[in-house]
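A short write-up of the structure that comes next.
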Amino acid sequence: MNDPNDAAAMSACLAAVEKILRNMGSVAVAVSGGVDSMTLATFAHRVLGGDVAMFHATSPAVPGEATSRTRDLGAREGWRLTVIDAGEFQSADYMANPVNRCFHCKTSLYGAITPHTVAQVVSGANLDDLGEYRPGLIAAKDHNVRHPWVEAQVDKNMVRNIARHLGLPALAELPSSPCLSSRIETGIGIDAQMLECVHATENLVTARLDPKTVRCRVRAEGVVIELDANSLAAMTVDNRTHLADEVNSLFRTAGFDYPVSFATYRVGSAFLHPIKLVRAPAPDSAVSAT
């Protein structure tokens, strides 16, 4: 969509997505608690009613806020919501945290959803995701999961505008926040207590600095707190020292004694090895939005 603020473009976009969803018959939406999947779930429920169900998975890698957000919106909208344990923490491949960890995560997720429904499972992946390293899309293809936003050529900016159009302004402004395991450098095993520390650190830094973006990365050399450039530049030497001490104490209490440093936020910077970004192929069932 060239102009997400244009009423005609919005109308055409929503018509395309509605057509895609209706052609599926009954639909099951995998809802992570982020803007993409929650906006899709809201729109799907409003146009399909009882023919759509929502599935949200909990695990140590999913912040409690995401689950609460999903439950709250589901209650307001009247969703048929099922909360499940995707079981990825029982997967040795996932826990080893390889470069394609997301493949193993999504394999567990979709494998946990399908026994509960015969409906077409859909995700909130949008057009922008195809330009990033997303091994989860391979797992989706393996499980015949479809991506209505992608099929309708909807990007992240348009998803946010659709959320506003649906009367969900707070959701439209929700920052992107991948699962907590994405903060752990590739090759360092996933540990539930470590993820608790990561989450607690991000909440602590948010309370102290109110940054636009914060990520707590666990690397081989220690904990790195990544902040948006303006927030990082505004920190004094004393700020850094005191905050680093607090974070170090938090991790040490859980049994992890890591040095703490600060850096500018970079997308996907927890990968140990360089990743060649390849555009994933559009789903076989893609439908043009025009």
Side-chain angles (χ1 to χ4, degrees), residues 20-21 24 27-38 40-41 44 53-63 66-67 70 82-152 154 156 159 176-190 195 267-268 270-273 275-286:
I20 290 165
L21 291 170
M24 293 179 187
V27 173
V29 185
V31 185
S32 67
V35 60
D36 300 318
S37 60
M38 292 184 75
L40 178 63
M54 319 307 171
F55 290 86
H56 173 74
T58 61
S59 87
V62 178
T67 299
T70 299
T82 301
V83 177
I84 61 174
D85 179 354
E88 74 269 32
F89 275 66
Q90 281 71 59
S91 166
D93 290 328
Y94 172 87
M95 297 298 284
N97 194 21
V99 170
N100 66 338
R101 181 198 65 252
C102 290
F103 169 81
H104 302 293
C105 175
K106 295 300 185 183
T107 294
S108 296
L109 171 64
Y110 298 135
I113 291 176
T114 50
H116 294 276
T117 182
V118 296
Q120 172 64 58
V121 179
V122 300
S123 87
N126 68 74
L127 198 61
D128 292 343
D129 295 327
L130 301 187
E132 300 176 358
Y133 180 66
R134 298 275 180 163
L137 292 175
I138 300 173
K141 185 174 182 179
D142 289 346
H143 286 80
N144 299 312
V145 174
R146 291 175 61 178
H147 316 291
W149 293 143
V150 175
E151 294 182 30
V154 175
K156 187 80 168 192
V159 171
S176 296
S177 183
C179 80
L180 295 173
S181 292
S182 69
R183 275 68 153 171
I184 312 302
E185 186 175 68
T186 300
I188 299 175
I190 301 299
L195 298 186
V267 176
F271 285 123
L272 181 62
H273 304 292
I275 303 300
K276 181 180 180 181
L277 300 186
V278 291
R279 178 168 291 277
D284 295 338
S285 52

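Since the structure is predicted, the reported quantities are computational estimates derived from the model, not experimental observations. Index from 1, following the sequence.
Taking CG from Leu40 and CE from Met54, the interatomic distance works out to 8.0 Å, rounded to the nearest 0.5 Å. Note that CG of Leu21 is 8.5 Å distant from CZ of Arg146, once rounded to the nearest 0.5 Å.
With hydrogens and angles disregarded, a donor-acceptor distance shorter than 3.5 Å links the side chain of Trp149 to the backbone of Asp36. Counting only distance, with no hydrogens or angles, the side chain of Arg183 and the backbone of Pro178 share a donor-acceptor pair below 3.5 Å. Without hydrogens or angle criteria, Asn97 side chain to Ile190 main chain gives no donor-acceptor distance under 3.5 Å. When atom types are taken as modelled, the side chain of Ser37 and the backbone of Ser32 share a donor-acceptor pair closer than 3.5 angstrom.
Within the 4.5 Å cutoff, side-chain heavy atoms of Val29 are placed close to those of Val122. Proximity of Arg101 to Ser182: side-chain heavy atoms (C-beta onward) are separated by under 4.5 Å at one or more points.
Across all their heavy atoms, Leu195 and Ser181 have their closest contact at CD1-OG, 3.6 Å. Between Val31 and Ala41, the shortest heavy-atom distance links the atoms CG2-CB, 3.9 Å. Closest of all the heavy-atom pairs between Ala57 and Val62 is O-CG2, 3.7 Å. In terms of heavy atoms, Lys156 sits closest to Asn126 at N-OD1, 3.4 Å. Closest approach of Gly136 to Lys106, counting heavy atoms only: CA-CG, 3.6 Å. Taking every heavy atom of both residues into account, Asn144 and Gln120 meet most closely at O-NE2, 2.8 Å.
If you run side chain to side chain contact (heavy atoms under 4.5 Å, CB included) between Val145 and each of Ile113, Leu109, Val121, only Val121 comes through.
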(request) List the steps and the verdict of side chain to side chain contact (heavy atoms under 4.5 Å, CB included) for Lys141 and Leu137. (result) CA-CA 6 Å; Lys141 185 174 182 179; Leu137 292 175; over 6 Å; no

(request) Carefully, step by step, assess Tyr110 and Ser123 under the rule side chain to side chain contact (heavy atoms under 4.5 Å, CB included). (result) CA-CA 10 Å; Tyr110 298 135; Ser123 87; 3.8 Å; yes

Between side-chain atoms of residues 83-92 and protein atoms elsewhere (two or more places apart, or another chain), which donor-acceptor pairs fall under 3.5 Å?
from: Asp85; atom 1: OD1; to: Gly87; atom 2: N; distance (Å): 2.8
from: Glu88; atom 1: OE2; to: Ser59; atom 2: OG; distance (Å): 2.8
from: Ser91; atom 1: OG; to: Asp93; atom 2: N; distance (Å): 3.4
from: Ser91; atom 1: OG; to: Tyr94; atom 2: N; distance (Å): 3.2

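Ion pairing between Arg134 and Asp129 holds under the 4.0 Å rule for side-chain N and carboxylate O.
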